Undergrad: 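This is the structure I want to talk about, given as structure tokens.
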Amino acid sequence: MRFKYQTPTGIHDLCGEDQKYLDFLYTKAKEILEFYGFEKIELPILEREELFKRSVGEATDIVEKEMYTLTTLGGEKLVLRPEATASIVRAYIQHGMHTLPQPVKIWTFGPMYRYERPQHGRYRQFYQLDFEILGSDSPSADTQVIFLTFTILKELKLKNLKILINSIGDSCCRPYYKKQLKTFFRPYLESLCKDCQRRFEKNPLRILDCKNQACREIIDLAPQSVDNLCQDCKTHFKRVLEILDNLDLPYLLDPYLVRGLDYYTKTVFEIVISKENLSLGGGGRYDKLVKLLGGPDTPAVGVALGAERIITELKEEKIKVKGMPDPKVFVAKVGDLAQAKALLLLEELRKAKVPVRESLGKDSLRAQLDLANKLKVKWVVILGQKEVIKDRAILRDMKKGTQKEVKISDLVGILKKLALN
Ligand code: AMP
């Protein structure tokens, strides 16, 4: 039967197995990032529209076509955040984090919203793990972000990972590269898709992002940014690659990788699944963004990883995650007197780390034992009216069908031993 109220197009619940995978990713990322000194930040889901127009860029797909914008009753234009970096930079400036010892390392995790055409691995609400280093221009910061991205995915036991990397220069060398791109694309203008014709005027670098096959064939002949870097960008990129070599990371130069956001400078990278080049995450350096949004001149670098894509890949590679432990004990109760006793017993079992389930309603003893059977529980504690008065309970072995009376005060000790075997 089709239920009338479905989630909106491209928006999903994450429940059951998916939730376990999401927790797995979150827990691993938290453990690793906090060890490396990243502090967690909870960001608002709503931000001012201007923040993303200014940072992500007016000519990007995100700002042109994909933002969920709403106007409040007070006339404010707000956006459901499409990504986290702009918000992190906003928070860095708003809370004066430039006065803290630098660099400042921040991480966050949560849903992002983009009005995209839903397809495999592309949703309208998706979770991102995001971490950033603000206040360092060192190639070591770039490589730490790349290394940790790789480490998190490796610790999840994902295989077949590949890092694609490029440098897109900065305000010193990029204008010249853009000019070269315009000169190159001008004769092909008629053959480019409508979007690229617009990009040609607004920002020719964005053409390199196009997925259209006809455009891609032309792009493959275009000049490459790495051949047009200024000395500073060249030295920086060379150092990043040297460090990656020493870390023995599987990277590949991708001369047309530009990423879909305008704020990047110098290093850009993506981490992909080798066989289908599906991007699990991507990031790069953005040395001008803090200043652009009104803060002090602060170099920075960061990455965002897509949780749903990682979950899909974990399933694809048949990687198992631990869920909640199976219950070993079931607490059944009969009569009102047993209610409080049952709750207290559950609490003691929690402290003793014995996984337990219970019956909450006023079902018959038979129904409660049926439920215990369905849950494949080995031991059932029956708190009956008569026994509870004597401070006793019945302990039933479900496999053998035998039972005996025990003192309630001895129960936790007995169950702990039984559950461990
Ligand atoms: P971006 O913020 O565009 O740099 O993307 C970083 C990562 O987020 C990508 O590599 C994907 O894993 C994930 N991602 C981006 N857009 C979507 C989407 N619409 N649906 C699911 N995952 C996405």
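This structure is a prediction, so every number in the text was calculated from the model and none was measured.
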Undergrad: Kindly compute the distance separating CD1 (Ile382) from CG (Leu369), expressed to the nearest 0.5 Å.
TA: 5.5 Å

Undergrad: Flag the pair Glu308 / Arg122 as yes when at least one side-chain heavy-atom distance between them is below 4.5 Å, and no otherwise.
TA: no

Undergrad: List, one per line, each side-chain donor-acceptor pair under 3.5 Å for residues 44-53, sequence neighbours excluded.
TA:
unit_1 : atom_1 : unit_2 : atom_2 : d
Glu47  : OE1    : Arg90  : NE     : 3.0
Glu47  : OE2    : Ser87  : OG     : 3.0
Glu47  : OE2    : Arg90  : NE     : 3.3
Glu47  : OE2    : Arg90  : NH2    : 2.7
Arg48  : NH1    : Glu76  : OE2    : 2.6

Undergrad: Kindly write out the residues that satisfy side chain to side chain donor-acceptor pair (under 3.5 Å) with Asn203, not counting sequence neighbours, or none if the list is empty.
TA: Asp262

Undergrad: Using atom types as modelled and distance alone, determine if a side-chain donor or acceptor of Asp137 lies under 3.5 Å from a backbone N or O of Pro299.
TA: no

Undergrad: Work out which heavy atom in Asn212 is nearest to a heavy atom in Cys193; give both atom names and the distance.
TA: ND2-CB, 3.7 Å

Undergrad: So how far is it from Leu192 CG to Ile218 CD1, rounded to the nearest 0.5 Å?
TA: 4.5 Å

Undergrad: Using side chain to side chain contact (heavy atoms under 4.5 Å, CB included), reason through Ile273 and Leu161 one step at a time and then give a plain yes or no.
TA: CA-CA 5 Å; Ile273 290 294; Leu161 299 168; 3.9 Å; yes

Undergrad: When rounded to the nearest 0.5 angstrom, what is the spacing between CZ in Phe330 and CG in Asn373?
TA: 10.5 Å

Undergrad: For the residue pair Asp287 and Thr265, what are the closest heavy atoms and their distance?
TA: N-OG1, 2.9 Å

Undergrad: Ignoring hydrogens and geometry, is there a side-chain-to-backbone donor-acceptor pair from Arg199 to Ile207 under 3.5 Å?
TA: no

Undergrad: Hey, are Glu64 and Arg206 close enough for a salt bridge, meaning a charged N less than 4.0 Å from a carboxylate O?
TA: no

Undergrad: Can you list the residues that meet the ring-ring contact (aromatic ring centres under 6.0 Å, His included) rule with Phe237, with sequence neighbours excluded?
TA: none

Undergrad: Taking all atoms of both residues into account, what is the closest heavy-atom pair of Ile271 and Leu305, and its distance?
TA: CG2-CD2, 4.1 Å

Undergrad: Taking atom NZ as the centre, does Lys378 end up with more than 12 heavy-atom neighbours from other residues, nucleotides or ligands that are less than 6.0 angstrom away?
TA: no

Undergrad: Stepwise, does the side chain to side chain contact (heavy atoms under 4.5 Å, CB included) test hold for Glu132 with Val89?
TA: CA-CA 9 Å; Glu132 317 276 340; Val89 171; over 6 Å; no

Undergrad: Answer yes or no: is there a side-chain heavy-atom contact under 4.5 Å between Asp209 and Arg259?
TA: no

Undergrad: Side chains of Ile106 and Met97: does their closest heavy-atom pair fall under 4.5 Å?
TA: yes

Undergrad: For Lys291, look at atom NZ and say whether over 12 heavy atoms of other residues, nucleotides or ligands are found less than 6.0 Å away.
TA: no

Undergrad: Going by ring-ring contact (aromatic ring centres under 6.0 Å, His included), name the residues that satisfy it together with Tyr123, two or more places apart in sequence or in a different chain.
TA: His12

Undergrad: Could you list the residues that satisfy salt bridge (Lys or Arg N to Asp or Glu O under 4.0 Å) with Lys28, not counting sequence neighbours?
TA: Glu31, Glu155

Undergrad: Would you list the atom pairs, donor with acceptor, under 3.5 Å between side chains in residues 313-323 and any protein atom, with sequence neighbours excluded?
TA:
unit_1 : atom_1 : unit_2 : atom_2 : d
Lys315 : NZ     : Asp18  : OD1    : 2.5
Glu317 : OE1    : Lys159 : N      : 2.9

Undergrad: Given side chains that start at C-beta, do those of Lys288 and Ser171 come closer than 4.5 Å, heavy atoms only?
TA: yes

Undergrad: What heavy-atom pair brings Ser225 and Ser167 nearest, and what distance separates the two atoms?
TA: OG-O, 2.7 Å

Undergrad: Among all residues two or more places apart in sequence or in another chain, which pass the ring-ring contact (aromatic ring centres under 6.0 Å, His included) test with Tyr68?
TA: Tyr115

Undergrad: For Phe38, what residues pass the ring-ring contact (aromatic ring centres under 6.0 Å, His included) criterion, not counting sequence neighbours?
TA: Phe131

Undergrad: From Ile88 CD1 over to Leu43 CG, what is the distance, rounded to the nearest 0.5 angstrom?
TA: 5.5 Å

Undergrad: Determine whether Pro204 and Phe184 make a side-chain contact, defined as any pair of heavy atoms from C-beta on separated by less than 4.5 Å.
TA: no

Undergrad: Looking at Lys333, is its backbone amide N or carbonyl O close enough to the side chain of Gln368 to form a donor-acceptor pair, meaning the two atoms are under 3.5 Å apart?
TA: yes

Undergrad: NZ of Lys105 to CD of Glu34: how many Å apart, nearest 0.5 Å?
TA: 12.5 Å

Undergrad: Does any N or O in the side chain of Arg309 come within less than 3.5 Å of the main-chain N or O of Gly121, such that one atom is a donor and the other an acceptor?
TA: yes

Undergrad: Counting only heavy atoms not in Lys202, do more than 12 sit closer than 6.0 Å to its NZ atom?
TA: yes

Undergrad: Of all heavy-atom pairs between Ile32 and Leu148, which one has the smallest distance, and what is that distance?
TA: CG2-CD2, 4.0 Å

Undergrad: Take Phe147 and Ile243 through the test side chain to side chain contact (heavy atoms under 4.5 Å, CB included) and record every step on the way to the result.
TA: CA-CA 10 Å; Phe147 176 71; Ile243 301 174; over 6 Å; no

Undergrad: Less than 6.0 angstrom separating the ring centers of Trp107 and Tyr26, yes or no?
TA: yes

Undergrad: Rounded to the nearest 0.5 Å, what separation is found between the CD1 atom of Ile311 and the OH atom of Tyr127?
TA: 9.5 Å

Undergrad: Ignoring hydrogens and angles, tell me if any N or O in the side chain of Tyr188 forms a donor-acceptor pair with the backbone of Cys215 under 3.5 Å.
TA: no

Undergrad: Are the side chain of Arg174 and the backbone of Ile168 linked by a donor-acceptor contact shorter than 3.5 Å?
TA: yes

Undergrad: Check Leu229 against Lys234 and note the closest heavy-atom contact, atom names and distance.
TA: O-CE, 3.8 Å

Undergrad: Between Asp370 and Lys374, does at least one N-O distance fall below 4.0 Å, as a salt bridge requires?
TA: no

Undergrad: Write out all pairs satisfying salt bridge (Lys or Arg N to Asp or Glu O under 4.0 Å) with one or both partners inside residues 185-195, taking only residues at least two apart or from two chains.
TA: Lys65-Asp195, Asp195-Arg198

Undergrad: Has Thr108 got a side-chain atom pairing as donor or acceptor with Ile41's backbone, closer than 3.5 angstrom?
TA: yes

Undergrad: Closer than 3.5 angstrom, by distance alone: can the side chain of Arg81 be matched with the main-chain N or O of Pro111 as a donor-acceptor pair?
TA: yes

Undergrad: Quick one: which residue pairs count as a ring-ring contact (aromatic ring centres under 6.0 Å, His included) with a foot in residues 249-284, not counting sequence neighbours?
TA: Tyr263-Tyr286

Undergrad: Can Leu33 and Lys40 be said to form a side chain to side chain contact (heavy atoms under 4.5 Å, CB included), step by step?
TA: CA-CA 9 Å; Leu33 293 173; Lys40 176 107 192 277; over 6 Å; no

Undergrad: State, yes or no, whether a side-chain contact exists between Thr267 and Thr143 at a heavy-atom distance under 4.5 Å.
TA: no

Undergrad: Would a distance-only check, ignoring hydrogens and angles, find a side-chain to backbone donor-acceptor pair under 3.5 Å from Gln102 to His98?
TA: yes

Undergrad: My understanding is that only residues two or more places apart in sequence, or in another chain, count here; which of them pass side chain to side chain donor-acceptor pair (under 3.5 Å) with Asp232?
TA: Lys266

Undergrad: Would you list the atom pairs, donor with acceptor, under 3.5 Å between side chains in residues 350-359 and any protein atom, with sequence neighbours excluded?
TA:
unit_1 : atom_1 : unit_2 : atom_2 : d
Arg350 : NE     : Glu347 : OE1    : 3.1
Arg350 : NE     : Glu347 : OE2    : 3.3
Arg350 : NH2    : Glu347 : OE2    : 2.7

Undergrad: Could you tell me whether the side chain of Asn228 and the main chain of Gln224 form a donor-acceptor pair under 3.5 Å?
TA: yes

